[in-house]
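Input: a single structure, listed below in structure tokens.
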Amino acid sequence: MIEIDAITKRYDDRPVVNAVSLVVDPHTLTVIVGTSGSGKTTLLRMINRLVEPSAGTIRIDGKDHRTQPPHILRRGIGYVIQGNGLFPHRTVGQNIATVPVLSGWDKPRVARRVDELLSLFQLDPAQFRDRYPHQLSGGQKQRVGVARALAARPNILLMDEPFGALDPVIRGKAQMDLVSIQKQLGTTIVLVTHDMEEAIQLGDRIAVMDDGNLLQYATPAEILAHPAREFVETLIGSADRPFRYLSLSELGDIVEPGTAQGAPLPVTASRRDALAELLWSGRAALPVTGSDGAVLGRVTRETLMRLAERPA
């Protein structure tokens with residue numbers, strides 16, 4: 001658990017983060033969203049003391065994080081920045097091993113952890129372990145950056161605009177990979193973005209910041225249904241709000257009996273993805289498959305459009 005209690009950061013007597021309080025529950029993914037200059041990155045960096053607070057307290061699992069030297073604290077908190085920040089002169093394996101080596105792990109343990117993480121991120125260890133960052137694609141670099149941050153098994157992972165440098169197709173895949181890995185490992189993640197759509201797609205809870213102030217801290221559904229301020233409503237976008245509701249739910253309970261032509265979608269796909277596919281392809285319905293690949297039924301464009309117009 002991360003408890004942020006009236007945390008403030010001032011530069012030249014001007015607060016860039018102003019008395020912000022929130023609690024990040026264990027094993028959740030919390031997104032801090034706001035425009036440039038809102039204080040979101042400064043707030044994130046105060047968690048691992050890359051920036052020292054001017055006032056207030058941050059507690060990690062009930063313990064004031066200032067009781068540890070900053071370099072020791074940071075070894076227990078993974079950190080991912082935009083553009084991945086890989087060391088260009090080190091191999092993929094050496095990059096991932098950075099914190100375990102600093103922490104004194106022996107070589108066999110380090111090697112096992114490197115291969116374990118490469119396999120987890122669907123990068124064949126034999127193929128990628130000895131490559132250098134310039135030999136990787138953008139998506140591969142991003143996965144290695146997250147793997148490096150997770151190498152020493154931190155309970156907390158901080159991510160500062162981690163997908164900002166990726167093209168839209170790779171970005172969408174990287175976002176889904178992150179959600180999958182987070183569910184597998186149970187890591188507590190705090191992620192900063194300027195993109196409200198990304199926040200809604202990824203977050204268990206969203207903290208909306210503006211001019212150093214926390215305007216709202218709630219679930220995506222609550223923020224969509226009841227934006228606390230005009231600024232929050234502007235970030236959401238009134239025209240897009242009905243379709244963003246669809247991104248919060250999977251197809252599960254709207255699959256109906258029947259058949260449909262064309263490529264299927266898995267039952268775990270979002271309702272928004274299904275509607276986008278139907279509109280793009282011009283179909284009235286598409287088949288839905290379960291985890292075993294068997295067809296469960298179909299979902300129709302009519303049903304999804306009705307849900308977008310009158311979200312539950």
Side-chain angles (χ1 to χ4, degrees), residues 29-33 40-41 43-45 47-51 70-71 73-103 105 110-195 198-199 201-203:
L29 200 162
T30 294
V31 181
I32 306 172
V33 66
K40 58 188 186 297
T41 293
L43 178 61
L44 184 82
R45 290 179 177 177
I47 295 174
N48 67 354
R49 296 182 64 189
L50 283 174
V51 173
H71 69 285
L73 175 74
R74 290 176 202 138
R75 288 182 190 175
I77 299 176
Y79 187 53
V80 180
I81 62 174
Q82 181 174 338
N84 63 73
L86 298 178
F87 301 118
H89 59 289
R90 293 184 178 181
T91 66
V92 165
Q94 290 168 340
N95 265 283
I96 294 173
T98 300
V99 175
V101 169
L102 288 172
S103 301
W105 292 22
V110 171
R112 286 194 302 271
R113 184 59 174 162
V114 168
D115 287 0
E116 177 188 357
L117 284 166
L118 285 172
S119 298
L120 183 66
F121 282 88
Q122 300 176 11
L123 298 169
D124 179 14
Q127 184 179 355
F128 288 93
R129 187 191 304 115
D130 297 322
R131 289 190 183 182
Y132 286 87
H134 74 272
Q135 298 173 305
L136 305 177
S137 68
Q140 290 166 349
K141 289 177 184 178
Q142 193 274 340
R143 280 184 273 172
V144 172
V146 178
R148 182 179 64 179
L150 293 171
R153 304 183 189 278
N155 291 324
I156 296 169
L157 178 61
L158 307 180
M159 309 185 80
D160 190 0
E161 299 273 9
F163 309 118
L166 301 178
D167 69 56
V169 174
I170 296 175
R171 180 174 183 158
K173 176 65 166 59
Q175 290 168 345
M176 294 304 100
D177 285 346
L178 177 65
V179 171
S180 175
I181 295 298
Q182 194 267 342
K183 288 180 179 177
Q184 290 183 58
L185 301 181
T187 309
T188 302
I189 297 177
V190 183
L191 182 148
V192 158
T193 184
H194 64 276
D195 185 340
E198 182 169 87
Q201 288 267 3
L202 298 180

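Note that the structure is a prediction, hence the values are computed from the model and not measured.
Listed by chain and number, the residues in a side chain to side chain contact (heavy atoms under 4.5 Å, CB included) with Arg112 are Pro108, Arg109 (sequence neighbours excluded). Shown here are the salt bridge (charged side-chain N to carboxylate O under 4.0 Å, His left out) partners of Arg153, two or more places apart in sequence or in another chain: Glu116. Residues passing the side chain to side chain contact (heavy atoms under 4.5 Å, CB included) test with Val110 are Ala97, Pro100, Val101, Trp105, Val114, sequence neighbours excluded.
What you find for Leu102 and Arg75 is that their closest heavy atoms are O-NH1, 3.2 Å. Counting all heavy atoms, side chain and backbone alike, Leu117 lies closest to Ile96 at CD1-CG2, 3.9 Å. Scanning both residues, Ile47 and Ile77, for their nearest heavy atoms gives O-CD1, 4.1 Å. The two atoms that bring Leu29 and Gln182 nearest to each other are N-NE2, 4.1 Å, heavy atoms only. Of all heavy-atom pairs spanning Arg129 and Ala126, the tightest one is NH2-N, 4.0 Å. Considering all non-hydrogen atoms of both residues, Ser119 and Pro125 come closest at OG-CG, 3.5 Å.
Between Thr98 and Arg90 there is a side-chain heavy-atom pair separated by less than 4.5 Å. A heavy-atom distance below 4.5 Å is found between the side chains of Met159 and Val146. Residues Leu185 and Leu120 have side chains in contact (heavy-atom distance under 4.5 Å, counting atoms from C-beta outward). With contacts defined as side-chain heavy-atom distances shorter than 4.5 Å, the pair Val31/Glu198 does not qualify. Within the 4.5 Å cutoff, side-chain heavy atoms of Leu44 are placed close to those of Tyr79. Val144 places none of its side-chain heavy atoms less than 4.5 Å from the side chain of Phe128.
Note: His71 NE2 to Arg49 CZ = 11.0 Å, rounded to the nearest 0.5 Å. In this structure, CD in Gln135 is found 10.0 Å from OG1 in Thr91, a value given to the nearest 0.5 Å. Put simply, CZ on Arg131 and NZ on Lys141 are 12.5 Å apart, with the number rounded to the nearest 0.5 Å. Between the CG atom of Leu86 and the CD1 atom of Ile81 there is a distance of 9.0 Å, given to the nearest 0.5 Å. Here Leu191 contributes atom CG and Leu178 contributes atom CG; the two are 7.0 Å apart, rounded to the nearest 0.5 Å. Here the CZ atom belonging to Phe121 is positioned 8.0 Å from the CG atom belonging to Asp177, to the nearest 0.5 angstrom.
For Thr187 (side chain) and Ile189 (main-chain N/O), no donor-acceptor pair under 3.5 Å exists by modelled atom type. Between the side chain of Gln142 and the main chain of Phe163, no donor-acceptor pair closer than 3.5 Å is present. Not one N or O on the side chain of Arg45 forms a donor-acceptor pair closer than 3.5 Å with the backbone of Leu50. Using a distance-only test at 3.5 Å, with no hydrogens or angles considered, a donor-acceptor pair links the side chain of Asn95 to the main chain of Phe87.
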